[in-house]
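Just below is one structure, and these are the notes that go with it.
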Amino acid sequence: MTDGRINYDPHFKPVQNIYEDRLRQFTDTGGDYHDLNLTKFYDKQRISLDQNHVKVEWYQVPFEKGTSPVSPDKRPSWASIISQDKKGELNFQPAHKGQPFGPSWSTTWFKVHLSVPQEWVDTQIQLVFDFNCNNEGVVIDPDTLLPATAFSGGERREYLLPKQEDGSYFFYIETGNNGMFGCGAGSTINPPDDNRFFHLDSADIVLPDWEARSLYIDFWMLSDAARELPGETWQKHRARQLANDVMDMFDPEDRQSVVKCREYLKKEYFDKYTNDRAVYFQGDQNQLTNAYGIGNCHIDTAWLWPFAETKRKIVRSWASQCTIMEEYPEYQFVASQAQQFKWLLENHPKFFNDVLIPKVQEGQFIPIGGSWVENDTNVPNGESLARQFFFGQRFFLKYFGFKSDVFWLPDTFGYSSQVPQLCQLSGLNKFLTQKLSWNNINSFPHSTFNWAGIDGSVLLTHMPPGNTYTADSHFGDVLRTSRQNKSNEVYGSGLMLYGKGDGGGGPTREMMEKMRRIRSMSNKNGNVIPKLQVGTSVDEFYQDILNRTDNGEKLPTWEGELYFEFHRGTYTTQASTKYYMRKSEVIIHDLEWIATKASILYPDTYQYPAEQINDLWENILLCQFHDVLPGSCIEMVYKYEAVPMLERVVEKCSDLIKETVEFLSQSEKNSATTPIATLNWVQNDIPKEMSSEFNAKVEDIDGDFILSNGKLCVRINKKSGSITEIKDVQTETEYLDIKHGRNKIGANQFVLFDDKPLNWQAWDTELYSVNQYKYLQDIEKVHITRDSADECSVEVIVKVTNGCTLRSTISLKKTSFETQNRSKIDISTLVSNWDARNKFLKVEFPVNVRNETASYETQFGITRRPTVYNTSWDVAKFEVCHHKFADYSEYNKGVSILNDCKYGFSTHGNLMRLSLLRSSKAPDAHADMGTHQIKYAIYPHKGQLSSDTVKLAYEFNYDNRYNVPTTVIEPFKDIINITGDENVILSNIKRGEDDISLKSNYTLETKNEKSMIVRVYESLGGESRASLLTSLPLKSVTKIDNLELKSLEDCKFFSWKTKNHLSEIPITLRPFEVASFKLVFN
Ligand SMILES: [Zn+2]
């Protein structure tokens, strides 16, 4: 300070980086000065495990080595443990610090008796029990069996003890011996260490100094502002200076200085509401809210842990959230996945009904999402996607009384272009995701936009600009949500999804406190510090978008799939799960087809197995979770859960079909039987007289085997085993091209790519792998295995490694004058003992086709993708997802590749390539090892992609035949059929869910009706007309939504008395429209 005009005390300008670096000292729990800074005041007193004030006993649930880690005995119910303990049947022993518990995946129980010193109780200060084993635990009240809170180490280790006059407490803690992210050895995404032990690190009672802990949060947010605000803002520099002032003011010998520091900051940088929800009502109300905080805890339904553990993660995570809600009335938490609610209801009905439901009613705990699980959208078929919403929304309606408006899918590996339409049909008109921010080639250009699907259906979509759904509510998270918003021209606000996630967990008290401070700083210092709002629901946020964008009109549009430029290996990894998924989807289609028809024809004697079908669907849908079906889980999920579950689905479906067939035989006693297919256009395989000129034939000419059938001529080279020629002998058209391009060997040529992605082995296959490959040319044998007029086959045996061989059988069937244009080459490849390491097996087809795009079947339609590398967006699609077929056509001809269990594909230049097997080593060290049977077919065709490919691909997959009494064949067919444009596909039928006779567990509103739901779609992208036909007396026909709750349109129908009372329902479909019709019979 100057004294008059003379300077006796010169001041310096602080050096910014030194004054910034200094700030860390104040809250540093280690280092040279930890006992001279704020941390020394966090606890007034603490008593560690002494078996007197803190008495802890433990009990290890038996876990025999080598047994299934998911069997129910590994995770006994709370009630069973507690009642056994009350009877003295369990051997609880005194625990001590450092004590090991394990192994991985086992369960350890603790019994805790606390006796808090009376003088602590008398302070009326909120007491804490600090417990940590670095595994996952939950506190259970021994009388009510209700959970109180959960532990997982890190910031989640404190249980705020409820007030108790005498200071004595008794509760149990159940712990699962795995971390939040499983038990990965070395890295979380490595295969688990099955022999990990956890240690009791702390079991302390604490008398905290809440004022010092509050100053810690104040200081943390203030110093983050000093570090992270832009250099040109005065708020940044002032924050730094004030934080330094606080450090100067603080006296480690004087606890009162803590109070002074807080008061100083409240005056200078915060408003007075730093510890109050009222903070969110302060500040300039006209100022734009930059970030809306929404609590969530992403619980992967299985990933680095099994389903069995997820069931416990749910109750742990959600119980802690319900507790935090009591303390923070502004807090809103969203949770998705009907399956998780169902598990909670089954395992903890009292918590579900007495704690969770009231929180739902108060609007703090918000079920969201509308799907059964947060599912993969690449691989499940159309009907599966439809049922994700059908069961998800019906579950919500049944248990909460409302459905979700928002399809909540923050974390999945790409978004099919069919999602918007199915969402719209399921009462969901909004969408939330985040994963696209992981694209490793192009940056997706929008945060808020309209997403238009395959048929033009639009979803209002938001991608949280902070690029995470597990924000810690750091100052930086709020800042990023504000700064990285890509839609500022039209809508500048964004959601910040905060809360520990992936392994569950959710928001912490600390996050709630931090957010109050951030808002308080913004209230005081203006919008350079982003305005954060907590207490606004997701629905209100979306409504705000609509309000401020002219009902969404001003938003940009993204048309078609949201292709994820990452994790492209997930179309292929875990082949047997994908195989069983396809088989499950096919056979449940068949079951619903036959059960629907039987129940309509024999309403008094045949009971539609509604509940069993629904259970089977729940299992299928569960396995479509976004780590399970894509193949990114640990081994135990596939070995003990997903694959056995899907095998059982297939088995159970065929049992129920068998029962139905037996019922039909009993009802039609004197009838012979005929095998029938479940596709309406497939004739009943009754052999017809065929001209011999179309017989199959195999010849050995000039070192080649030649298969022919009067339509196609297929030349197989005896040395390479590859197909070198596929010719239409009638038109002289050659469909292969082995003169140009990189494959000059032939079709059905196997190729082994190097597959060493940068990271994320099970997930990723990387761009550079495309050019690192080896053709498999170690041919052991090429020989004729079948030579008959019906079918001829050549088998090629290829050595892959000393232990692994491929046996690929190439077959051509006889054809006829009527069917010759559908003639195709069937290939069945048995890969024995696949034992590769980081290799990717594919099979190639060099074709004589040139086009800029190829077509890939997706759910109820096709997606066209580039075959060129013009832009980085084209390059990114070097491996793409498809369903039953991929097609590459030019103006006059094309080639379709059909398959029975594969999903990865690529088409570039003249090369089509079907992805077969990967061999990633993490997180499952044995992924895909073993033997695989894979079927595919080459269908060369005249003209462009047509309904022939669509239908052949169906027939290739839906090839089951059921022996029913011949007398029911006509009545079966007469129940429902379709005529008209060939590209209109009748895909599925089922009974109306609310029919009284069904007694379905998903009935919402019982109706005294006999109804059938018929799903129809336009498969190729053009307005089309068709007619549904039925001979049963019709009462009404309506076009309905996917939930079978809303009538979209009353349909006209005409009945012809002359034609056996046939009724005709004319329908018109938009390009790629999916339509469901409800036929109510008299
Ligand atoms: Zn996830």
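In this text the structure is predicted, and so the values were computed from the model without any measurement. Whatever order the structure lists ligands and atoms in, that order sets their numbers, starting from 1.
Backbone or side-chain N, O or S atoms of E374 do not reach the Zn ion (ligand 1) at under 2.8 Å. With a cut-off of 2.8 Å, the Zn ion (ligand 1) has an N, O or S atom of D300 in range.
Within the 4.5 Å cutoff, the side chain of E136 has no heavy atoms near those of the N177 side chain.
Take the N/O/S atoms of D411: the one nearest the Zn ion (ligand 1) is OD2. Distances from the Zn ion (ligand 1) to each N, O or S atom of H626 single out NE2 as the nearest.
A salt bridge links E174 with R312: at least one charged nitrogen is closer than 4.0 Å to a carboxylate oxygen. Salt bridge annotation for R75-E309: present, with a cationic side-chain nitrogen under 4.0 angstrom from a carboxylate oxygen. The pair E585-R582 does not count as a salt bridge, with every side-chain nitrogen at least 4.0 angstrom from each carboxylate oxygen.
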